[in-house]
Novice: 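Next up is a structure, given as structure tokens.
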Amino acid sequence: MADFVPMTALNRREVAEALAAAMEFGLARAKTAFEELQTSLEGESKSTAGDKHETGRAMVQMEMEQAAARLSRVEGMMRQWHALEPLRGREQVRPGAIVSTDQGGFILGVAWGKFEGPGDATWRAISSDAPLAQAMQSLGPGDTVEFRGRMWHIISVG
């Protein structure tokens, strides 16, 4: 794991841009998957193989519904992320904060999961309702919190 250093406006922007890029990539993948299924469904509609045709069509339709749900989730996370104004600095841990700890970096407010940030550091975008986010809520640089038997030292909040 890369060492995490105090947050500056520059690396706050870099981390925010890395998450935005990860989300854009996820959105592109979700769109591609949906479009491929749509093409597959159109191919299924041209078949006349009876029950086998109907089963295949139903399976593709189910996969399309799942792909549409994934696409909608990603779009919702992106809207939520932008609404948090991640480039606006924060002094305490709260939604939209970019937090460096001695055990890794976190962005609070959107449950995206792991993504690569500046310097090949692995960051995690977590929901504000996540237990770790709740444990850190309202803390600031220099504070320590115990969570699940481990001590987490907050290096910086941006």
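This is a predicted model, so every value here is computed, not measured. Computation of the quantities below employed the complete heavy-atom set of this structure, encompassing side-chain atoms and omitting hydrogens, waters and symmetry-equivalent molecules.
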Novice: Under the salt bridge (Lys or Arg N to Asp or Glu O under 4.0 Å) test, which residues partner Glu75, sequence neighbours left out?
Specialist: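 Expected list: none.
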Novice: Decide yes or no for Ile107 and Trp112: does some side-chain heavy atom of the first lie under 4.5 Å from some side-chain heavy atom of the second?
Specialist: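 Of all side-chain heavy-atom pairs linking Trp112 with Ile107, none is under 4.5 Å.
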Novice: Less than 4.5 Å apart, any side-chain heavy atom of Ile154 and any of Val93?
Specialist: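 Side-chain contact under 4.5 Å: yes.
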Novice: For Met59, is the CE atom crowded, meaning more than 12 foreign heavy atoms sit under 6.0 Å from it?
Specialist: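 Incorrect, the count does not exceed 12.
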Novice: Considering only heavy atoms from C-beta outward, does the side chain of Thr39 approach that of Glu36 to under 4.5 Å?
Specialist: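 Heavy-atom side-chain distance check fails, nothing below 4.5 Å.
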Novice: With no hydrogens and no angle check, just 3.5 Å: does a side-chain donor-acceptor pair link Gln103 and Arg150?
Specialist: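 Side-chain D/A pair, Gln103 to Arg150: present.
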Novice: Determine, step by step, whether Thr101 and His153 satisfy the side-chain contact (heavy atoms from CB on, under 4.5 Å) criterion, reporting the C-alpha distance in whole Å, the side-chain angles of both residues, the deciding distance to 0.1 Å, and the verdict.
Specialist: CA-CA 5 Å; Thr101 75; His153 177 74; over 6 Å; no
Novice: Got a donor-acceptor contact below 3.5 angstrom from the Ser72 side chain to the Ala68 backbone?
Specialist: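 No, Ser72 side chain to Ala68 backbone: no donor-acceptor pair under 3.5 Å.
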Novice: Before giving the answer on side-chain contact (heavy atoms from CB on, under 4.5 Å), spell out for Leu132 and Trp152 the whole-Å C-alpha distance, their side-chain angles and the decisive distance to 0.1 Å.
Specialist: CA-CA 10 Å; Leu132 179 58; Trp152 298 70; 3.9 Å; yes
Novice: Has Arg70 got a side-chain atom pairing as donor or acceptor with Phe34's backbone, closer than 3.5 angstrom?
Specialist: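 Absent.
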Novice: Show your working on side-chain contact (heavy atoms from CB on, under 4.5 Å) between Leu19 and Val110 and close with a plain yes or no.
Specialist: CA-CA 10 Å; Leu19 177 56; Val110 60; 4.1 Å; yes
Novice: May I ask you to check whether over 12 heavy atoms, not counting those of Arg88, lie within 6.0 Å of atom CZ?
Specialist: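 Atom CZ in Arg88 is crowded, with more than 12 foreign heavy atoms closer than 6.0 Å.
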Novice: Assess the residue pair Val15 and Phe115 against the criterion (side-chain contact (heavy atoms from CB on, under 4.5 Å)); give the C-alpha distance rounded to whole Å, side-chain angles, the decisive distance to 0.1 Å, and a yes or no.
Specialist: CA-CA 10 Å; Val15 172; Phe115 67 97; 4.2 Å; yes
Novice: For the residue pair Glu91 and Val157, establish whether any side-chain heavy-atom pair is separated by less than 4.5 Å.
Specialist: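 Glu91 vs Val157: side chains apart.
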Novice: Does some side-chain heavy atom of Arg12 sit less than 4.5 Å from a side-chain heavy atom of Pro86?
Specialist: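 A side-chain contact under 4.5 Å is absent here.
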Novice: Is the closest side-chain heavy-atom distance between Gln137 and Gln92 below 4.5 Å?
Specialist: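 The answer is no, as the side chains (C-beta and beyond) never meet within the 4.5 Å cut-off.
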Novice: Measuring only between side-chain heavy atoms, which start at C-beta, is Arg13 closer than 4.5 Å to Leu87?
Specialist: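 The answer is yes, as the side chains (C-beta and beyond) meet within the 4.5 Å cut-off.
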